[in-house]
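Here it is, the structure, as structure tokens.
Position 1 is the first residue of the sequence; numbering continues from there.
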Amino acid sequence: MKYLFSLMVIPFLFFSATTQLSAVQYDHTIELDRMSFAWKLDGKNIHIQLKAKTKGWVAVGFNPKKAMQGANFIIGYVKRRKVKIQDEYGIRLNDHIRDVLNQGENNISNVTGKESRGVTTISFTIPLNSGDESDTKIDPDSMNKVLLAFGPAKDDFHTKHVFRTALNVNLKTGAYNQ
């Protein structure tokens, strides 16, 4: 009986510890009509949570030169309770590719996500300055152009967005404007 009790408690403890390790308390949140962007600065990294009313992909881009060109994009979706996520770079005004295809690296860590009741939520961590030529530097002390978007109810990285916006955000203070 003691052995059976131990087997029942161990999985519960592991699940609880795993849940606590992935929980981040975000310092700032921007709530838009159908999407939210939350973040926490942590030394040389930024922890991000994207949430949208979609069963498709969600994305954030940082500091494009023009339109989508030159932006560091993170795009992801949840399918069968597994997160698919990519680090991408804006190669043209309206196109982006994975960093690894542009002589860059995948700089995403601490990935979690879920899809529930038509809402997709993805959380992850990226460096503020990865040193990767396919990633723009994110300066938390100044205004950063932040692109937010999500796709329709389709789990892929190629379907065109149904929502997009651009914000100027001071990541340290949380101040923003459109």
Side-chain angles (χ1 to χ4, degrees), residues 22 24 26 28-41 45-102 104-116 118-130 132-138 140 143-169 171 174 176 178:
S22 66
V24 173
Y26 298 98
H28 305 283
T29 302
I30 296 174
E31 294 281 347
L32 303 173
D33 182 36
R34 295 169 50 200
M35 186 169 185
S36 70
F37 166 55
W39 71 94
K40 177 183 180 68
L41 297 170
N45 295 307
I46 181 170
H47 304 283
I48 296 172
Q49 181 185 71
L50 301 174
K51 186 186 293 188
K53 293 179 184 177
T54 183
K55 291 183 180 180
W57 57 265
V58 294
V60 63
F62 291 96
N63 299 319
K65 294 174 185 164
K66 185 174 182 182
M68 293 168 59
Q69 189 171 16
N72 177 27
F73 286 101
I74 309 299
I75 181 170
Y77 61 87
V78 179
K79 185 173 185 173
R80 295 185 190 114
R81 293 190 254 175
K82 292 188 180 185
V83 180
K84 305 284 187 179
I85 195 163
Q86 292 185 173
D87 188 351
E88 300 197 353
Y89 179 73
I91 56 170
R92 289 187 279 282
L93 295 178
N94 295 308
D95 196 13
H96 46 89
I97 63 169
R98 294 185 328 201
D99 280 12
V100 296
L101 298 176
N102 194 46
E105 297 177 14
N106 178 2
N107 301 107
I108 309 167
S109 60
N110 303 320
V111 176
T112 63
K114 70 178 182 176
E115 188 177 285
S116 176
V119 175
T120 296
T121 305
I122 293 182
S123 303
F124 54 89
T125 302
I126 58 172
L128 294 170
N129 184 6
S130 70
D132 187 335
E133 288 185 29
S134 293
D135 293 335
T136 57
K137 182 180 177 188
I138 302 169
M143 294 303 271
N144 291 271
K145 180 159 249 169
V146 177
L147 307 176
L148 299 172
F150 65 83
K154 188 170 183 185
D155 291 329
D156 67 24
F157 294 113
H158 308 291
T159 306
K160 187 175 177 169
H161 53 73
V162 294
F163 170 86
R164 68 177 176 160
T165 193
L167 307 170
N168 292 307
V169 181
L171 298 168
Y176 74 96
Q178 288 184 304

Q.
My understanding is that only residues two or more places apart in sequence, or in another chain, count here; which of them pass side chain to side chain contact (heavy atoms under 4.5 Å, CB included) with K114?
A. T121

(Q) Taking salt bridge (charged side-chain N to carboxylate O under 4.0 Å, His left out) as the definition, give me every residue that meets it alongside K53, ordered by chain and number, with sequence neighbours left out. (A) none

Q: Look up atom CG in D87 and atom CG in D135, then write down how far apart they are to the nearest 0.5 Å.
A: 4.5 Å

(Q) Give me the atom names and distance for the closest heavy-atom approach of Q86 to I108. (A) C-CD1, 3.5 Å

Q: Could you tell me whether a side-chain N or O of N110 sits under 3.5 Å from a main-chain N or O of F124, the two making a donor and an acceptor?
A: no

Q.
Show, in sequence, the C-alpha distance, side-chain angles and deciding distance for F62 and V146, and conclude whether the side chain to side chain contact (heavy atoms under 4.5 Å, CB included) test is met.
A. CA-CA 5 Å; F62 291 96; V146 177; 3.9 Å; yes

Q.
If you compare all heavy atoms of Y26 against all heavy atoms of I48, which two are closest, and at what distance to 0.1 Å?
A. OH-O, 3.7 Å

Q) Does T112 offer a backbone N or O that forms a donor-acceptor pair with the side chain of S123 under 3.5 Å? A) no

Q. How close do A59 and L50 get, heavy atom to heavy atom, and via which atoms?
A. C-CD1, 3.6 Å

Donor-acceptor pairs are to be reported for all side-chain atoms of residues 151-161 against protein atoms at under 3.5 Å, with residues two or more places apart or in another chain.
from, atom 1, to, atom 2, distance (Å)
D156, OD1, H158, N, 3.1
D156, OD1, T159, N, 3.0
D156, OD1, T159, OG1, 2.7
D156, OD2, T159, OG1, 2.7

Q. If only atom types and distance count, is the side chain of N63 paired as donor or acceptor with the main-chain N or O of K137 below 3.5 Å?
A. yes

**Q.** Side chains of N144 and T136 in contact at under 4.5 Å (non-hydrogen atoms)
**A.** no

Q: Identify the residue among N72, N106, N45, V60 that makes a side-chain contact (heavy atoms from CB on, under 4.5 Å) with I126.
A: N72

Q | Minimal non-hydrogen separation, F150 against M35, with atom names | A | CD2-SD, 3.8 Å

